[in-house]
S.K.: 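Submitted below is the structure of interest, expressed as structure tokens.
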Amino acid sequence: MKSPLHAANPAVPVSSESTAPTISQLMDARMTRRTAMQGMAAAGVYGLFGCATSAPQGTGSSLTFTESGRFMDETHHVAPGYNVNALVRWGDPLHADAPDFNPRQQTAAAQERQFGANNDYVAFMPLPRGSTSSTRGLLCVNHEYVTPSLMWPGFEAADYAKNVTREQCETEMAAVGHSIVEVERRGGLWTINLKSGYNRRISARSTPMRIAGPAAGHPRMATRADVSGTRVIGTMSNCAGGTTPWGTVLTAEENIQNFFTGDASTGREAAAWKRMGINGRGRYQWGRHVDRFNLNREPNEANRFGWIVEIDPYDPKSMPVKRTALGRCKYECANTVISHDGRVAVYCGDDERMNYVYKFVTRDAYNASKTEANRDLLDNGTLYVARFDAKKMQWLPLVFGQGPLTKANGFENQGDVLIEARRAADLLGATPMDRPEDVEVNPLTGRVYVVLTYNEQRKPDQVDAANPRGPNNFGHIIEIIPPMVNGKMDHAATECPWEFFIIGGDPKKPEHGARYLGPVSANGWIAAPDNLAFDPKGRIWIATDGQDDWAGFNDSVYAAETSGPMRGVTRNFFSCPRGAECTGPAFTPDGKTLFLSVQHPAEEKGSTFDKPSTRWPDFRPDMPPRPSVVAITKADGGEIGS
Ligand code: FEO
Ligand code: CA
Ligand code: CA
């Protein structure tokens, strides 16, 4: 979703006098090392940094598609030779007997059986389970939020905050969460299977969830409806996510502050609410009709959101689980990797200006031969937060009783540390970042890519080694390089070198301060990077959120090599329709289909249900714009990127 312009980390002081190095000093120091690495890469000495891939030889890129252009129009655009199909749209029935979408007569009951709103993260989970099928699988899709102005007819005339009805609120609750839908590719075309027993909606309105891990049963997790503090109805703000090696999907609860109303200035949770940006003036009015979303009627309910939720898409009767050991923030994502010793690391970004990057490392090793043995692997382990210094970064443990995380600072136990992970991270001295979005591991090299989307509020005297621009209007991507142990990457390591991968903006405009390793084209430079995917060749695909605001053209998807002479040189592949954000890129295992979320088309100032700025993808006068997952394939059946 587009970020609200508020709520930076209150723990970060704005100093009036800076002793920090200048922006160009910081970037030169980092880029000097990177340029040296580039030279090594060209010479094929990746082993020094633990890269398993070999660099493409010569000066060309293996990404041979013709670049797309820049657009600010009503429809999508893709590189020549590719097909784009809107595979599943907001309101599409997910069952053979589910009602058709009727945008003028929406109900919660219908929405619970239809594809939800504002689709975000997409995972493709092959069918059957354990296979590497690229023609049949489950699309597992987050529904982050609703856009009331594009959801409700007559919105312009109505005073939404005062007049939104209980049924409308319930329909909004039904429209967020997650969808699981079976898809199949036949004759080159992807379709959804309405008869599949896997198809399922998970919503904020009706889906029971288990709370597990150290905060389960904590008094601050208990409500009148759940005195045990171990059961909660629903999930929302589901932004990005990840998959696990044992075949489950992780969904991250991000901007939960939008869903709670009431007086946030008083009560025992007031300070904790403030640190989470929960001010009681939620974008939605659920709290007017549903008590648990009213901060004053149910003060602990907000503590039950902001977690990483694990879903088993292969078991349609399974109950999703909120894994509290991973901490509570405004999490963007949760991407897993198996470390050198079999333990699993989960990387997460907390997407708000001046907030932090986290990783969780399991206590126990992944059991590859017995899937069910991993069922509760994410309940035990250590959560870390990142501190970036000029030459290396540290992972600092969030463990009750260690360092400042004690009773003296208001933490009674590990549950408190996890419920207030942001405050714990403040006390540890984590590095405030420029809005951490995706944090994802290149499966071929093991390097970790941290996307900082932008931070127009960072002041010149707040720059640091890892956030070198103030303001940062274009975003950047950092690469963390875990050390090697016995030939494998150690994702449990607490100290790692890091590099800049891309510093976004137009390299032809010195005032942008952009840096790329090679010549990006006029159509190829990026702004506002957000979500990532890696194709089977280990190339990075970057979806943006905010180019319309910061660069003057619609959000796009770019691809770049991650090694070799064209490392980090972004190429423009796809553009969204106006008002939309590109998110959720996901490849089939063969790299021949790219699924993409086109989120919130027409979400622009003055654009409403009755007069939207685009009616993508249907372009029918009786249909509003509809967020959709598109399937992109190459017309000749080849790999995406060729
Ligand atoms: Fe929901 Fe951080 O984007
Ligand atoms: Ca995002
Ligand atoms: Ca975003």
Side-chain angles (χ1 to χ4, degrees), residues 1-9 116-123 141-147 176-178 235-242 250-259 276-277 283-284 305-309 329-335 347-358 422 433-440 449-457 472-477 504 526-533 541-551 554-558 576 579-586 595-600 603 627 629:
M1 77 183 296
K2 282 188 182 292
S3 169
L5 298 176
H6 70 86
N9 179 347
N118 282 344
N119 40 270
D120 198 310
Y121 176 75
V122 178
V141 183
N142 279 348
H143 301 292
E144 188 180 13
Y145 68 108
V146 301
T147 309
V176 301
H178 195 83
T235 182
M236 56 19 189
S237 307
N238 306 83
C239 188
L250 303 176
T251 173
E253 297 181 331
E254 191 193 23
N255 285 301
I256 64 160
Q257 77 283 357
N258 290 329
F259 296 89
M276 281 290 281
R283 181 177 186 181
Y284 306 100
F305 294 85
W307 303 101
I308 301 298
V309 185
C329 293
K330 294 186 190 174
Y331 273 146
E332 169 79 13
C333 64
N335 288 297
Y347 289 95
C348 302
D350 180 5
D351 180 12
E352 192 155 21
R353 293 165 187 82
M354 300 298 195
N355 279 282
Y356 309 129
V357 177
Y358 295 80
R422 283 181 158 188
M433 307 296 284
D434 286 345
R435 290 190 58 203
E437 298 256 21
D438 225 342
V439 184
E440 190 141 349
Y449 293 78
V450 180
V451 181
L452 292 318
T453 190
Y454 57 82
N455 182 358
E456 79 291 359
Q457 295 173 13
N472 173 7
N473 290 342
F474 302 99
H476 59 289
I477 301 178
I526 71 166
D530 189 328
N531 290 124
L532 301 179
W541 293 72
I542 306 164
T544 71
D545 171 17
Q547 285 191 156
D548 44 357
D549 290 337
W550 299 109
N554 286 346
D555 276 311
S556 310
V557 176
Y558 301 87
C576 274
E581 158 185 356
C582 288
T583 184
F595 297 106
L596 257 187
S597 265
V598 175
Q599 196 190 39
H600 59 74
E603 192 178 279
V629 174

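Hydrogens, waters and symmetry mates are skipped; everything else that's a heavy atom, side chains included, is used. Atoms within a ligand are numbered from 1 in the order they appear, just like the ligands themselves. Predicted model, so just to flag it, every value in this text is computed and none were measured.
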S.K.: Does the distance from a Lys or Arg side-chain N to an Asp or Glu carboxylate O, for R422 and E352, drop under 4.0 Å?
M.R.: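 Result for this pair is yes, salt bridge flagged.
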S.K.: With sequence neighbours left out, write down each residue that passes side-chain contact (heavy atoms from CB on, under 4.5 Å) with A527, or none if nothing qualifies.
M.R.: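 Residues passing side-chain contact (heavy atoms from CB on, under 4.5 Å) with A527: F474, W525, Q547, A551.
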S.K.: Quick check: does D545 have an N/O/S atom under 3.0 Å of the Ca ion (ligand 3)?
M.R.: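 Checking D545: at least one N, O or S atom is under 3.0 Å.
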S.K.: Short of 2.8 Å from atom 1 (Fe) of ligand 1, name each protein N/O/S atom, waters not counted.
M.R.: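 E144 OE2, C239 SG, E254 OE1, with waters left out.
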S.K.: Restricting to N, O or S atoms of E437, which is nearest to the Ca ion (ligand 3)?
M.R.: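 So the atom name we want here is OE2.
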S.K.: Can you see which heavy atom on P627 is nearest to which on N119, and at what distance?
M.R.: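 Taking P627 first and N119 second, the nearest heavy atoms are C-OD1, 3.1 Å.
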S.K.: By ring-ring contact (aromatic ring centres under 6.0 Å, His included), which residues pair with Y331, not counting sequence neighbours?
M.R.: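 Y331 satisfies ring-ring contact (aromatic ring centres under 6.0 Å, His included) with Y358 only.
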S.K.: For the residue pair N531 and E440, confirm or rule out a side-chain donor-acceptor distance under 3.5 Å.
M.R.: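 On atom types as modelled, these side chains do not qualify, holding no pair under 3.5 Å.
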S.K.: Tell me whether R435 forms a cation-pi arrangement with Y454, defined as NZ or CZ under 6.0 Å from the six-membered ring centre and within 45 degrees of its axis.
M.R.: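 Pair R435/Y454 counts as cation-pi.
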S.K.: So that I can check it, does any N, O or S atom in D530 come closer than 3.0 Å to the Ca ion (ligand 3)?
M.R.: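 Within the cut-off used here (under 3.0 Å), D530 does place an N, O or S atom near the Ca ion (ligand 3).
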S.K.: For F305, what residues pass the ring-ring contact (aromatic ring centres under 6.0 Å, His included) criterion, not counting sequence neighbours?
M.R.: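 ring-ring contact (aromatic ring centres under 6.0 Å, His included) list for F305, sorted by chain: empty.
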